[in-house]
Amino acid sequence: MGLAKTHIQSGQGAAQTDGNIITTTIDKVVNWGRKNSLWPMPFGTACCAIEMMATLASKFDLSRFGSEAIRFSPRQSDLLIVSGRISIKMMPVLKRIYDQMPDPKWVISMGACASCGGVFDTYTLIQGVDQFIPVDVYIPGCPPRPEDLIDAVMQVQQKIASGAAPKGIEVAYE
Amino acid sequence: MNEEKGIAEQASPLVLEKLAAHHSEALLAQRETRGRVGVVVRKEQAYAVLEYLKTDPELAYTYLVDVTAVDNSQMESELMQFDYARFMVVYQLYSYQGQCRVQVKVPVHENDLSVPSVTGLWRGANWLERETYDMFGINFEGHPELRRILMPDDFEGYPLRKDYPLRGRGERESFNFEKQNV
C-alpha cells in the first residue's frame, strides 16, 4: 500500500508520463518489501510461546501480515521474537542468536518476563532482555493475547515503512 | 474409592512393620497420616534401607519418584528433633505392586554434607541427585557425574538454601555473558 501511495504522488508530479512511469526511492521499495515479508526467529521459552504458536496457526494467521515464514535458523530471519523467561544461563544463547541474525534486524520482547522479568524477581532471571539486546517493540501481558503479538508485528512494519533504523543500528551508532 | 483406601490401609503398616523388624536400628522416626507413610532414617543405614525397600519382594518400591532436600535452618522445631541436622534429604518412593508410597528422610548435618548416592539402585536418581547438589550443595558419594545441572557451571553458592538471598548476590548484573561457552 505504501508503494501504491508513492505511485500516485509521483504520477501527479510528472505530468507527461500519464501515470505509466513510477518514480520512487530505492529505500522505499526495499522497505516495502522488508515490511511485508518479515521472517521471524521464534525464541519461545515459556507460556508466551504458546500464544505465539496460536498467532501463527490458522485462527489468528500471522501470514495475513506476511510474517508466517518462521525460520529456526537465525541466519535466515530478520525478526527476533523473545517470548518467555530468560535465565542467566540462557541469555548467552539468546545474545548469540541475535548476533547471528543478518542486519537489518528487529526484536520484539513479548510478555512481562522478557520485558522486565515479570513476577520472577529472582537470582537467576534476567530482568528485561533489553539490558543485553536492543528491543524495538515491547508487548505487555502475561501472556499477551495473539492480537497483541499481531499488533506488535504491525508496529514493526510501521517502523520499517517509516524508514526508521532498527533499535540495534541506533544503538550501534550511538 | 473404598478399594483404594483398603490398599493404602493394608500396605502402609506393612512397610512400617517390615522396617521395624529388619532395620529398627536405622529408624529415627516414623509417621502415618491418612495412609501416607514417612520414615526418618540414619544416614549410615540410609542406603541399606532404600535398597531393602526396593528389593524386598513384598514391598517392591521400584519407582524413585523424587530426590530432593529441605533446609531446616530457620525451623527451630524441626532442627531440634534430629540433633540439629540442618538438611533433610527426601526420597519419595512408589510401589507399583502395592500401589502405595513411602517417604524416606535422611537428616544431614552441615559439617558433613555427604549422602550415599542411590544411582546404583535407580538410574533415574542421577539427575535428581545432581539437582539436589546444585540447589543445596549436598554431596552424593558414588555419583557418577556430580556437577551442576540447572545453574551455570561457574555459579557460586547454593540458591535453595535459606540463607541465599531471593534476588541473588548480584549474579544477574555481574554474570559474564561473553565467557560462557554457548
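In the text below, chain A, chain B and the rest are named by the order of the sequence lines, each starting its count at 1. A quick note: this is a predicted structure, and the numbers were derived from the prediction, not measured.
Separation of atoms CD (B:E171) and OG1 (A:T122) is listed at 10.0 Å; rounding is to 0.5 Å.
In this view, B:R101 and B:V65, B:Y94 satisfy the side chain to side chain contact (heavy atoms under 4.5 Å, CB included) rule, not counting sequence neighbours. With sequence neighbours excluded, the residues satisfying side chain to side chain contact (heavy atoms under 4.5 Å, CB included) with A:Q131 are A:Q127. By the side chain to side chain contact (heavy atoms under 4.5 Å, CB included) test, B:K105 pairs with B:V40, B:M88, B:V90, B:Q103, sequence neighbours left out.
Between A:Y123 and B:Y164, the two ring planes are perpendicular [angle over 60°; tilted spans 30° to 60°].
Counting heavy atoms of neighbouring residues, nucleotides and ligands inside a 6.0 Å radius, atom CD1 of A:I26 does not exceed 12 of them. Counting heavy-atom neighbours within 6.0 Å of B:R123 CZ, excluding the residue itself, gives a total of 12 or less. Within a 6.0 Å radius of CZ in A:R64, more than 12 heavy atoms belonging to other residues, nucleotides or ligands are found. No more than 12 heavy atoms of other residues, nucleotides or ligands sit less than 6.0 Å from atom CD of B:E156.
Within residues 125-151 of chain B, the residues having any heavy atom less than 4.5 Å from a heavy atom of chain A are, in residue-number order, B:M135, B:I149, B:L150, B:M151.
Salt-bridge formation is detected for the pair A:D121/B:R172: a Lys NZ or Arg NE/NH1/NH2 atom is positioned less than 4.0 Å from an Asp or Glu carboxylate oxygen.
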